[in-house]
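Notes for the one structure printed next.
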Amino acid sequence: MTPAPRVPEGLSARVPAEQREPGLDRDGVRLLVSRGTEVSHHAFGELPGLLRAGDLLVVNTSPTLAAAVDGSVGHTRVVVHFSTRGDDARWAVEVREPDGRGTTRARACVDKGTVVRLPGGGRLVAEEALSPRGDRLWWARVSGAEVTALLREHGRPIRYAYTDRDQPLSAYQTVFALPVPDGTGSAEMPSAARPFTARLVTELVSRGVQFAPVTLHTGVASAESHEPPYPERFSVPGESARLINAARAAGRRVVAVGTTAVRAVESAAGADGVVRPRAGWTDLVVTPERGVRVVDGLLTGLHEPEASHLLMLEAVAGRAAIDRGYDAAVRGRYLWHEFGDVHLLLR
C-alpha cells in the first residue's frame with residue numbers, strides 16, 4: 001500500500017510533545033520501527049533497548065536560527081525567510097506574505113530588484129533567482145544591517161500553518177546543537193533529533209552506542225511544491241569520518257539521525273564507501289537510483305507524500321518498507337511534522 005495522498009486529518013503535531021500532556025518531556029513521542037517490511041510500535045524512550053552496543057548514530061550539530069523576519073515591500077507587509085548564507089555574503093531568501101493566522105503563504109511577485117525594508121533600517125534587494133527550477137528562492141543582498149544580528153534581535157523561528165502558535169527558539173533547538181562562530185545555522189530545525197534528551201543520550205552512551213557529529217545547515221523547505229533540496233553547507237570532521245569508517249570496518253551499524261545527517265555523510269563518502277573529512281557545499285540528492293554508501297539505518301520524522309525526502313528513505317530501506325511503515329503510521333495515528341513522532345528504518 002502506498003502512503004496516503006496527504007497527511008490525514010488530525011495527524012499533524014500542532015505543538016511540541018512536552019506541551020501536549022503534563023509530565024511529558026521531548027522524548028514523549030512514539031517510535032515506529034521498520035526492519036525491512038516488519039513493523040513494530042514503541043515509545044521513543046525505548047530507543048536504547050532497540051539499538052546495539054557499537055551502533056553509531058550520526059547527528060547534526062547545526063543550531064536552528066530565528067530565520068523569519070517581518071518586512072515590507074512598498075506598503076505591503078511581507079515575511080522574509082532567511083535560508084542560507086552564500087560565499088559572497090549574500091543570503092538565499094524566500095519572501096512570503098502573512099496569512100492572517102500567524103503563519104505565511106507563498107508570494108509570487110518578487111522580481112530582480114525587489115526591495116524589502118527590514119527592521120532597524122535594513123534593506124534587502126533581490127538580485128537573482130537561486131535556481132532555474134523556479135523563483136521561490138532568491139539571492140539577495142542586505143545593507144544597513146548585519147543579518148545574524150538582525151535575526152537575533154528581530155527574528156523568530158519559521159512556523160507553518162499546521163502548528164497552533166509561535167514557539168520560542170529553544171523549542172526548535174536539539175540537544176546536539178552547537179553554536180557556530182559565524183552565527184549561521186539552519187533555517188529549519190534538524191527535527192529528527194528533537195526527541196533526544198540529555199538523559200536519553202547518557203543512557204545510550206552507557207549502553208555502548210557511539211555518536212559521530214556532523215554539520216549540515218538546512219535551508220528552507222517548500223511548503224507548497226516540495227522541491228528537492230537546494231545546495232547546503234556541510235562539514236564532516238576528521239574524527240567523525242574515522243568513527244564511521246571504523247564502525248563499517250567492524251560490521252557495526254551506522255544510523256543517521258535525520259535526512260540532513262544522511263546528506264552530509266553521503267556527501268563525504270567516496271564511491272568506495274570510505275568517508276573522508278570534507279566541508280563546503282553539497283548538492284547531493286539521495287535517490288533509490290543513487291543509493292546510499294554509508295548508512296545502514298535512518299531515524300527520521302514522518303514526511304508528506306510529496307516530499308523529496310521519501311526518495312532518500314526508499315534508498316535506505318526500500319520501497320516496500322516505506323509503504324508498509326507509512327500504512328502502519330496512518331492506521332496507528334502517528335503524528336507528522338517537526339513536533340511529531342519518529343520512524344526508525346533499519347536495513
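We number each residue from 1, following the sequence as shown.
The hydrophobic clustering, which links ILVMFWY residues whose side-chain heavy atoms are closer than 4.5 Å, places L32 and V257 apart. V15 and W336 fall into different hydrophobic clusters, defined by Ile, Leu, Val, Met, Phe, Trp and Tyr side-chain heavy atoms under 4.5 Å apart, directly or through other members. In the hydrophobic cluster analysis, where Ile, Leu, Val, Met, Phe, Trp and Tyr join through side-chain heavy atoms closer than 4.5 angstrom, Y334 is grouped apart from F44.
The CG atom of L344 sits 8.0 Å away from atom CG of L298, with the distance rounded to the nearest 0.5 Å. Separating the CD atom in E304 from the OG atom in S12 is a distance of 7.0 Å, to the nearest 0.5 Å. The CZ atom of R77 sits 13.0 Å away from the CZ atom of R117 when rounded to the nearest 0.5 Å. To the nearest 0.5 Å, the span separating NE2 on H309 from OG1 on T300 amounts to 7.5 Å. Rounded to the nearest 0.5 Å, atoms CZ (R30) and CZ (R333) are 10.0 Å apart. Taking CG of L313 as the start and CD1 of I322 as the end, the distance is 4.5 Å to the nearest 0.5 Å.
Taking all atoms of both residues into account, the shortest heavy-atom contact from T218 to E232 is CA-OE2, 3.5 Å. For the pair I244 and A212, the tightest heavy-atom approach, listed with the atom from each and the gap, is CG1-CB, 4.2 Å. The heavy-atom pair separating S34 from A321 by the smallest distance is OG-O, 4.3 Å. Minimum heavy-atom separation, T260 to P190: OG1-CB, 4.1 Å. Taking every heavy atom of both residues into account, V236 and A264 meet most closely at CG2-O, 3.6 Å. When all heavy atoms are compared, the tightest approach of A126 to V110 is CB-CG1, 4.1 Å.
One side chain, S62 or S186, offers a donor N or O that lies under 3.5 Å from an acceptor on the other. For the residue pair T84 / H217, no side-chain donor-acceptor distance below 3.5 Å is found, with atom types taken as modelled. With hydrogens and angles left out, the side-chain atoms of Q19 and R165 include a donor and acceptor closer than 3.5 Å. Inspection of the T184 and D182 side chains reveals an N or O donor paired with an N or O acceptor under 3.5 Å.
The side-chain contact (heavy atoms from CB on, under 4.5 Å) test with V316 singles out one residue from D296, L346, V295, and that residue is V295.
Looking only at distances, a side-chain donor or acceptor of E266 sits under 3.5 Å from a matching main-chain atom of V294.
The aromatic rings of H81 and Y160 lie perpendicular to each other, with more than 60° between the two planes, well past the 30° mark. Ring planes of F211 and F196: perpendicular class, angle over 60° (limits at 30 and 60°).
Applying the side chain to side chain contact (heavy atoms under 4.5 Å, CB included) rule to E18 yields the partners P16, R26, R194; only residues at least two apart in sequence or on another chain are considered.
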field: Chi angles and distances behind the ring pair (Phe, Tyr, Trp, His ring centres under 6.0 Å) call for F339, Y172
entry: CA-CA 9 Å; F339 297 137; Y172 290 86; 5.3 Å; yes
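Of the charged side-chain nitrogens involved, none lies within less than 4.0 Å of a carboxylate oxygen, so that D283 and R263 do not count as a salt-bridged pair. R242 and E239 are joined by a salt bridge, as a carboxylate oxygen and a charged side-chain nitrogen come within less than 4.0 angstrom of each other. Residues D25 and R199 are not paired through a salt bridge, judged by the lack of any N-O separation under 4.0 Å between the basic side chain and the carboxylate. Electrostatic pairing of E128 and R141 does not count as a salt bridge here, judged by no charged N lying under 4.0 Å from a carboxylate O. D55 has a carboxylate O that lies under 4.0 Å from a charged side-chain N of R253, or vice versa, which qualifies the two as a salt bridge. Checked for salt-bridge contact, E38 and R324 miss the test: no charged N lies under 4.0 Å from a carboxylate O.
Taking the centre of each ring, Y326 and H303 stay at or above the 6.0 Å mark.
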